[in-house]
Amino acid sequence: MDTQARLRQLPKVDDALRDAEAAGMLGEHPRALVLEAVREVLDHTRSRLVADESSRFDAEAFLGEVAARLALKSRRSLRRVINATGIVVHTNLGRSVLSERAAEAVAEVARSYSTLEFDVESGERGSRHVHCEELLCRLTGAEAAMAVNNNAAAVMMALAALARGREAIVSRGQLVEIGGSFRIPDIMRESGATMVEVGATNKTHLRDYENAITPETGMILKVHSSNFRVVGFTQEVGVAELVELGARHGVTVFEDQGSGVLVDLRRYGLPYEPTVGESIAAGADLVSCSGDKLLGGPQAGILVGRDHVIRALKQHPMARALRLDKLTLAALEVTLRAYADESVAIAEIPTLRMLTMPADEVAARASAFAARIADACGGADAIATAAADVDTAPDVSRAGGGALPMADIPTTVVRVLPRSVSVVELERRLRLGEPSVVARIKDDRLLLDPRTLGPAEEPEVAARIAAVLGEGA
Ligand SMILES: *Cc1c(COP(=O)(O)O)cnc(C)c1O
């Protein structure tokens with residue numbers, strides 16, 4: 001059959017649309033979307049008929065392709081992912097997962113009118129700041145607090161409100177890039193503050209700050225180095241010393257604490273990370289942090305500090321531009337409330353629960369998970385099946401999100417060495433499936449860390465692995 005004859009087999013758009021309608025697609029999808037899919041598959045089929053002499057038009061396969069394309073087009077773009085990487089605050093996978101209670105509050109406030117800016121007592125207009133301010137003050141010991149869209153916004157606003165047109169002193173060791181193009185020097189320039197760098201990359205002394213103070217100095221800024229560490233011959237000046245220096249010269253001290261740790265993580269075997277409350281106790285005038293890193297809440301930028309400083313921030317025009325919406329406020333309030341009792345915070349807030357999960361608990365879950373995968377793959381209670389070798393091994397989990405970058409959190413992973421498909425193919429099929437399962441590859445094996453999996457997700461993942469390996473066999 002020559003090319004022209006093969007092309008004549010192609011249906012007209014209207015006919016193809018009628019076939020799609022007969023197949024029930026118009027009942028499920030908007031007409032415009034079905035039309036778009038039909039056109040795309042027609043184009044694609046036409047190219048194939050031209051390129052490949054042996055190809056013929058197949059009406060059934062055509063409709064199948066239209067249906068597949070429609071399924072992809074109507075699938076939500078932002079959707080659930082199963083995180084088997086062991087990276088708890090995974091930046092690409094949405095950082096912190098909200099607690100059940102926080103998620104419920106979000107749903108409730110989303111579905112109804114709310115007290116967002118309404119004072120029930122007086123019946124008058126209220127302030128959206130009230131929902132979290134008292135909680136933040138209680139948890140950090142600060143005089144006043146507010147929350148904005150994220151920590152980058154908090155830092156930007158603090159610099160603009162307190163140091164615009166003035167000098168802000170910062171250590172060279174702290175001119176960090178956090179990722180996603182947040183760089184301290186860039187933020188400073190945009191805020192209108194003049195950056196005065198002091199010290200060397202590895203060492204900054206108190207006298208370096210002191211020598212840089214002029215009548216133009218508006219702020220001393222201390223930035224948590226977040227996702228990297230300067231190790232070896234190093235020196236940083238602590239908040240308390242900067243506060244003492246600032247007080248002598250009437251200069252505001254602002255610390256960008258970064259991760260938002262509110263509890264002493266050493267109690268759970270994790271490395272020391274100064275809490276927001278410690279910076280306040282050391283006398284910082286202002287401290288900022290993220291809401292969705294180690295704090296474990298929604299994306300937000302938290303600012304706590306002295307009353308007059310927070311008042312200046314609340315009155316700044318940027319505060320209106322960067323304010324939180326009601327859904328985030330609902331999630332943040334409920335997350336902060338959990339901290340009233342530390343054991344409740346650890347148990348309820350997924351980020352804290354995962355980070356502090358004891359090694360023996362992860363190991364027990366890994367063993368059960370491995371057995372479940374082997375079982376799903378037809379191996380009964382044997383760990384080696386025809387489809388894959390499944391075992392457990394020690395490995396490390398990570399806090400992620402630039403927090404605790406040097407912390408190797410001991411974990412036990414499940415390792416799958418597939419036989420019927422390559423490990424690359426297994427990883428790809430799990431990732432492309434619904435929901436997407438994200439796992440690591442190491443030494444030709446697929447690694448699944450139970451630390452970041454919900455218990456209900458383990459059977460789901462086991463079934464998915466078995467399905468991929470079964471298809472490959
Ligand atoms: C993460 C981080 C930021 C940026 O916070 P976002 O909430 O992502 O905007 C700023 N400073 C430090 C020190 C950080 O660790």
Side-chain angles (χ1 to χ4, degrees), residues 87-98 132 136 145-160 162-163 168 170-191 193 195 204 219-230 236 238-239 242 253-262 265 271-276 278-279 284 286-305 313 318-319 321-325 328-329 331-332 335-336 351 355 398-407:
I87 302 168
V88 177
V89 183
H90 198 304
T91 305
N92 303 135
L93 304 183
R95 286 198 185 164
S96 282
V97 171
L98 293 181
C132 294
L136 283 168
M146 69 183 292
V148 292
N149 188 53
N150 56 22
N151 190 25
V155 174
M156 174 82 110
M157 184 171 83
L159 285 165
L162 308 171
V170 63
S171 159
R172 288 201 170 85
Q174 297 168 4
L175 295 177
V176 297
E177 171 174 319
I178 308 293
S181 78
F182 176 89
R183 285 179 165 181
I184 291 295
D186 298 344
I187 296 275
M188 284 210 154
R189 193 173 335 102
E190 289 303 316
S191 71
M195 179 170 75
T204 304
M219 176 188 283
I220 295 173
L221 171 64
K222 183 173 166 67
V223 183
H224 192 287
S225 59
S226 185
N227 48 8
F228 86 111
R229 280 283 176 281
V230 184
E236 253 196 357
V239 181
L242 293 178
V253 175
F254 167 37
E255 179 176 25
D256 171 9
Q257 190 273 350
S259 66
V261 194
L262 296 178
L265 292 173
Y272 174 61
E273 185 66 21
T275 65
V276 177
E278 283 174 76
S279 295
L286 183 66
V287 182
S288 78
C289 66
S290 292
D292 55 350
K293 290 184 180 173
L294 299 187
L295 193 150
Q299 178 190 306
I302 288 167
L303 288 149
V304 295
L313 296 182
M318 266 187 170
L322 301 174
R323 75 181 185 183
L324 284 183
D325 82 305
T328 306
L329 272 169
L332 185 58
T335 305
L336 293 173
T351 294
L355 277 174
R398 297 268 171 210
L404 308 174
M406 302 302 276

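As the structure lists them, so they are numbered: ligands from 1, and atoms in each ligand from 1. No hydrogens, no waters, no symmetry mates; every other heavy atom, side chains included, goes into these values. Model, not experiment: these values are computed from the prediction.
- S290 OG, 2.7 Å is the protein heavy atom nearest to atom 7 (O) of ligand 1.
- Side-chain polar atoms of S279 and Q257 form no donor-acceptor pair below 3.5 angstrom.
- Residue contacts with ligand 1 include D256, since one or more of its heavy atoms lies under 4.0 Å from the ligand.
- For the pair M219/L159, a side-chain contact is recorded, criterion being any heavy-atom separation below 4.5 Å from C-beta on.
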- Message: For M156 and E190: C-alpha separation, side-chain torsions, deciding distance, then whether side-chain contact (heavy atoms from CB on, under 4.5 Å) applies.
- Response: CA-CA 8 Å; M156 174 82 110; E190 289 303 316; 3.7 Å; yes
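- Looking from atom 9 (O) of ligand 1 to the surrounding protein, the closest heavy atom is A152 N, 2.8 Å.
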- Item | Worked check of side-chain contact (heavy atoms from CB on, under 4.5 Å) between E236 and T204 | CA-CA 5 Å; E236 253 196 357; T204 304; over 6 Å; no
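- Nearest protein neighbour of atom 10 (C) of ligand 1, counting heavy atoms only, is N151 ND2, 3.2 Å.
- Nearest residue to atom 8 (O) of ligand 1 from Q299, R95, K293, E255 is R95 (criterion: closest heavy atom).
- The side-chain heavy atoms of L221 and M188, taken from C-beta on, include a pair separated by under 4.5 Å.
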